[in-house]
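One structure below.
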Amino acid sequence: MLQQTQVNTVIPYYERFMQQFPDLRSLAQAQEDEVLHLWAGLGYYSRARNLHRAAKTIMEKFKGQFPDTPLALESLPGIGQSTAGAILALAFHHRAPILDGNVKRVLARFHGITTPVNEKSTESQLWELAEKHTPAKRIADYTQAIMDLGATLCTRSKPQCGRCPLMKNCSAHQQGIVDVLPIKKAVRALPVRTATFLVFKQDNCVLLQKRPPTGIWGSLWSMPEIEGKPDFERIRRFSQRQFKLTTFHHQPLESFRHTFSHYHLDIFPVIIPVKKIATKAARARQQGMEEMPQIWYNPHQPEPLGLPKPVERILRMMP
DNA sequence: TACGCGTGGGA
DNA sequence: TTCCCAAGCGT
């Protein structure tokens, strides 16, 4: 949960998750939809699918015994070198380095690294430095300490060098370049995409599709969508072709912007009243798309499924 | 190597 | 409003 996500954001999700899945066995036995339901809103949903798979793998391949070597840990989906290091150090008190965002910043400043930290060569250099600094004794304390140093004193903006125990030996501080480190390669502006979300409404129910396991909102449930702004003629043809639904009018809801890590999505929700439920859903004939499971979802009697934030938002916007 | 992958908070 | 980026990983 903490990968690329701040502690304060994670806490309520963590509490609910641990209440529902207090141990490996309960998580391994859960339905994926149930896991994604508890993850919904947190983002990066591959983490949830990977965690679920990892629990199953530990139960089956590792006979319920949590692995405690870098090789075994990194063989689990969703656990890379840094997460493996954190588990080894914090859970098992084994000597292992980590390199998360906080540690990168601390090391880049302490050693005065002026090359972009998001370049491969610099990253390799930082891993070497992390390895050198990692002590044999009190590894859990050290690991927590260097992360907390980055989170509390050696912050991105307004670092509190005067309170830092490493100030005297900090290269960036000595050179007066703390504020400009770490250097990052410029990222280009996010592209803007537009989509019409089709809210097929029947009584109190809305048609949702399970999305493919890869790509945005993988394995979560969402409305059918059409690229571009609402166009009633396109909506009519799409509804007929994909769902055998005949539509006569539609009611636009207020559009809004949702921003992903790599693009903006301007969403135009459109309510489309439907009289008859299509008993046999038409196959998704779109390119490369398998037949997608569909449900009529009643927001007033919600089921434990993973719904992306904008889908939740649209359901709340419904009259 | 570069990119895909969510969401929310702070500046 | 917009930008940055946060306990990274997989492909």
Side-chain angles (χ1 to χ4, degrees), chain A residues 1-14 36 39-54 70 73-91 96-108 116-124 126-127 130 140 142-152 154-159 179-193 211-220 222 256-267 306-313:
Chain A
M1 284 183 173
L2 288 163
Q3 290 168 355
Q4 294 288 282
T5 307
Q6 296 184 352
V7 177
N8 284 336
T9 303
V10 161
I11 289 172
Y13 289 88
Y14 175 80
L36 288 168
W39 207 278
L42 197 52
Y44 283 152
Y45 300 101
S46 64
R47 295 180 299 178
R49 299 191 302 273
N50 286 336
L51 185 62
H52 187 217
R53 277 205 293 144
L73 283 168
E74 289 176 42
S75 77
L76 296 170
I79 298 185
Q81 187 177 355
S82 191
T83 302
I87 292 171
L88 289 164
L90 298 174
I98 62 162
L99 191 64
D100 66 358
N102 286 317
V103 177
K104 278 183 189 172
R105 187 170 54 254
V106 170
L107 291 178
V117 295
N118 51 345
E119 274 181 0
K120 181 63 181 172
S121 57
T122 307
E123 176 135 334
S124 302
L126 290 170
W127 268 113
Y142 167 81
T143 300
Q144 192 64 56
I146 191 166
M147 286 193 290
D148 285 349
L149 185 63
T152 60
C154 196
T155 49
R156 179 167 63 94
S157 58
K158 299 181 184 175
D179 287 337
V180 302
L181 295 186
I183 304 281
K184 289 214 170 184
K185 270 191 299 189
V187 293
R188 54 178 163 79
L190 301 183
V192 179
R193 301 180 190 173
R211 301 175 61 91
T214 57
I216 204 80
W217 299 334
S219 296
L220 274 69
S222 183
F256 60 93
R257 171 168 290 190
H258 184 77
T259 300
F260 297 101
S261 48
H262 47 308
Y263 63 93
H264 298 290
L265 182 62
D266 287 335
I267 296 174
L307 304 185
K309 276 287 177 182
V311 172
E312 287 275 9
R313 177 170 175 171

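Side chains are part of it too, since the values below use all heavy atoms of this structure and drop only hydrogens, waters and symmetry mates. Keep in mind that what you see is a predicted model, and the values were worked out from it rather than measured. A note on names: the letters A, B, ... follow the listed sequences, proteins ahead of strands, and every chain is numbered from 1.
Using a 4.0 Å heavy-atom cutoff across all strands shown, Leu90(A) reaches no nucleic acid atom at all. Note on Ile216(A): only backbone sugar-phosphate atoms sit closer than 4.0 angstrom, heavy atoms only; bases stay farther off. Across all strands shown, Leu99(A) has no heavy atoms under 4.0 Å from either base or sugar-phosphate atoms. Residue contacts shown for Arg49(A) are absent, as no nucleic acid heavy atom lies under 4.0 Å away. Within the 4.0 angstrom heavy-atom criterion, only backbone atoms of the sugar-phosphate kind lie near Ser82(A); the bases stay farther away. Residue-level contact check: Asn102(A) touches the backbone only, with heavy atoms under 4.0 Å from sugar-phosphate atoms and none from bases. If you check every strand for non-hydrogen atoms under 4.0 Å, Lys185(A) touches sugar and phosphate atoms only.
Legend: residues meeting side chain to side chain contact (heavy atoms under 4.5 Å, CB included) with Gln6(A), ordered by chain and number and at least two apart, are Thr9(A). Scanning for side chain to side chain contact (heavy atoms under 4.5 Å, CB included) contacts around Ala40(A) gives an empty result, with sequence neighbours left out. Legend: residues meeting salt bridge (charged side-chain N to carboxylate O under 4.0 Å, His left out) with Asp266(A), ordered by chain and number and at least two apart, are Arg257(A). Here Arg53(A) pairs with Asn50(A) under the side-chain hydrogen bond (donor to acceptor under 3.5 Å, both in side chains) rule; sequence neighbours left out. The side-chain hydrogen bond (donor to acceptor under 3.5 Å, both in side chains) check on Asn118(A) picks up nothing, with sequence neighbours excluded. Applying the side-chain hydrogen bond (donor to acceptor under 3.5 Å, both in side chains) criterion to Thr155(A), with sequence neighbours excluded, gives no partner residue. The side-chain hydrogen bond (donor to acceptor under 3.5 Å, both in side chains) test applied to Arg211(A) returns Glu225(A), not counting sequence neighbours. Take Leu265(A) and apply the side chain to side chain contact (heavy atoms under 4.5 Å, CB included) test, not counting sequence neighbours, and it matches Arg193(A), Ala195(A), Phe197(A), Phe260(A), Tyr263(A), Ile267(A).
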With the criterion being N/O to N/O and under 3.5 Å, what pairs connect the protein with nucleotides 8-11 of chain B, and how long is each?
unit_1	atom_1	unit_2	atom_2	d
dG8(B)	OP1	Lys309(A)	NZ	3.2

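Straight-line distance between the P atoms of dG6(B) and dT11(C): roughly 14 Å, to the nearest whole Å. Using P as the reference atom, dA7(C) and dG4(B) are 23 Å apart when rounded to the nearest Å. Only the P atoms considered, dC3(B) is 16 Å distant from dC4(C), to the nearest whole Å.
Across Gly80(A) and Glu74(A), no two heavy atoms sit closer than the pair O-CG, 3.7 Å. Nearest heavy-atom pair, Trp127(A) versus Pro97(A), reported as atom, atom and distance to 0.1 Å: CZ3-O, 3.9 Å.
In this structure, CG of Asn118(A) is placed 9 Å from P of dA2(B), rounded to the nearest angstrom. What separates CG of Leu190(A) from P of dT7(B) is a distance of 14 Å, to the nearest Å. Following rounding to the nearest Å, His264(A) (NE2) and dC5(B) (C1') show an atom-to-atom distance of 16 Å.
Not a single donor-acceptor contact under 3.5 angstrom links the side-chain atoms of Thr214(A) to the base of dG4(B).
When DNA chain C is scanned 5' to 3' for any atom under 4.0 Å from a heavy atom of chain A, the first and last hits are dC4(C) to dG10(C).
In DNA chain B, consecutive stretches of 3 or more Watson-Crick or G-U wobble pairs with both distances under 3.5 Å are given as paired ranges: B:2-5 with C:8-11, B:7-11 with C:2-6.
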Side chains of residues 99-108 of chain A: which donor-acceptor pairs under 3.5 Å do they make with residues two or more places apart or in other chains?
unit_1	atom_1	unit_2	atom_2	d
Asp100(A)	OD1	Asn102(A)	N	3.2
Asp100(A)	OD1	Val103(A)	N	2.8
Asn102(A)	OD1	Arg105(A)	NH2	2.8
Lys104(A)	NZ	Glu123(A)	OE1	3.1
Arg105(A)	NE	Cys154(A)	O	2.7
Arg105(A)	NH2	Gly150(A)	O	2.7

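Judged by closest nucleotide on DNA chain B, Ser124(A) is the one of Tyr44(A) and Ser124(A) placed further toward the 5' end.
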